[in-house]
Amino acid sequence: MVKHNNVLPNIHCHKKYCESSRGPLKVRLTLNQASKKKTRRLARAAKAAAIAPRPLQLLRPAVHCPTQRYSSKVRLGKGFTLEELKGAGFTARYARTVGIAVDHRRTNKSAESLALNVARLEEYKSKLVVFPKKRLSKVKNGDSSAEECKAATQFDGTILPLAGPSKDVVMGDVPKQEVSAFTTMRLAMKETKVAGYRLSVANRKDK
């Protein structure tokens, strides 16, 4: 407890870089930030070259964010459900081999989200180029033609990114209401506040 009229204690104990009685204290520095950034970029490029012409990223589903506050926002999820894959004609085992992310824990809770992701898988299937298991082997059922395989290039970036919100709607296009909801609520609140006073005035007049 502080006693008498002394200076309030305001010592700074977070100067870890200073000399101390135990010698110089170590501080975690980020002087390798630029080199780490370059290392990550080179690692991505090496991975892309190793799996070419397969794309670097997987196809992800469109899901709604959790909680009531953010549920109106749509983002990319972890993986497609087994029901969505079945609707598009995929098995989970085959889907993983053609660049589709699978999440066996996720479930569909609405027909709208199921239909949206099935349509997303159908669009991906229409653009998919499947190479034969061995480059020189014959084209089997489900494989793409030799011309398509020859013309295929590695896709870079997010596969089938989500469309952003439309900016076509202008406030001038929204029809104006003749009766304002705000004005109606404000008048109702004022009427409620003065209802007791008006009732007392009416009782006085009756007497």
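Heads up: numbering here begins at 1 and tracks the sequence. Computed from a predicted structure; not experimentally measured.
The side chain to side chain donor-acceptor pair (under 3.5 Å) analysis of residues 65-78, with sequence neighbours excluded, yields no pairs. Annotation: side chain to side chain donor-acceptor pair (under 3.5 Å) contacts involving residues 189-199, sequence neighbours excluded, comprise Glu191-Arg198.
Shown here are the side-chain hydrogen bond (donor to acceptor under 3.5 Å, both in side chains) partners of Gln154, two or more places apart in sequence or in another chain: there are none. Residues passing the side-chain contact (heavy atoms from CB on, under 4.5 Å) test with Lys86: none are found, sequence neighbours excluded. Partners of Asn108 by side-chain hydrogen bond (donor to acceptor under 3.5 Å, both in side chains), not counting sequence neighbours, listed by chain and number: Thr81, Glu84. Here Lys38 pairs with nothing under the side-chain hydrogen bond (donor to acceptor under 3.5 Å, both in side chains) rule; sequence neighbours left out. The side-chain contact (heavy atoms from CB on, under 4.5 Å) search around Ala92 returns Leu82, Leu85, Arg96, Val102, not counting sequence neighbours. With sequence neighbours excluded, no residue forms a side-chain contact (heavy atoms from CB on, under 4.5 Å) with Lys150. Residues meeting the salt bridge (Lys or Arg N to Asp or Glu O under 4.0 Å) test with Glu83, sequence neighbours left out: none. With sequence neighbours excluded, the residues that form a side-chain contact (heavy atoms from CB on, under 4.5 Å) with Gln57 are Thr158.
In this structure, CD on Glu122 lies 4.5 Å from NZ on Lys125, to the nearest 0.5 angstrom. Leu114 contributes atom CG, which lies 11.0 Å from atom OG1 of Thr107 (distance to the nearest 0.5 angstrom). Here the CG-CZ distance, from Asp206 to Arg204, works out to 11.5 Å after rounding to the nearest 0.5 Å. For the atom pair NZ (Lys109) and NE2 (His64), the distance works out to 12.5 Å, reported to the nearest 0.5 Å. Annotation: the span from Leu59 atom CG to Glu123 atom CD amounts to 9.0 Å, rounded to 0.5 Å. Note that CZ of Arg54 is 15.5 Å distant from CZ of Phe155, once rounded to the nearest 0.5 Å.
Taking a 4.5 Å side-chain heavy-atom cut-off between Ile, Leu, Val, Met, Phe, Trp and Tyr, the cluster of Leu76 extends to Val74, Leu162. Cluster note: Leu187 groups with no other residue, as no ILVMFWY side-chain heavy atom lies under 4.5 Å from it.
Contact record, Asn32 with Ser35: O-OG, 2.9 Å, taken as the closest heavy-atom pair. Across every non-hydrogen atom of Gly79 and Pro61, the tightest pair is O-CG, 3.2 Å. Residues Arg60 and Gly77 share a closest heavy-atom pair of CD-O, 3.3 Å. Of all the heavy atoms in Phe90 and Leu121, the pair that sits closest is CE1-O, 4.3 Å. The nearest pair of heavy atoms linking Tyr124 to Val98 is OH-O, 2.7 Å. Smallest separation of non-hydrogen atoms from Ala152 and Val129: CB-CG1, 4.2 Å.
Neither Leu160 nor Leu58 shares a network with the other; the hydrophobic side chains, linked directly or stepwise wherever heavy atoms of I, L, V, M, F, W or Y lie under 4.5 Å apart, form separate groups for each. The hydrophobic cluster containing Leu128 does not contain Ile51, counting ILVMFWY residues as joined when their side-chain heavy atoms lie under 4.5 angstrom apart, directly or transitively.
In this structure, Met185 places its CE atom where only 12 or fewer heavy-atom neighbours from other residues, nucleotides or ligands lie under 6.0 Å away.
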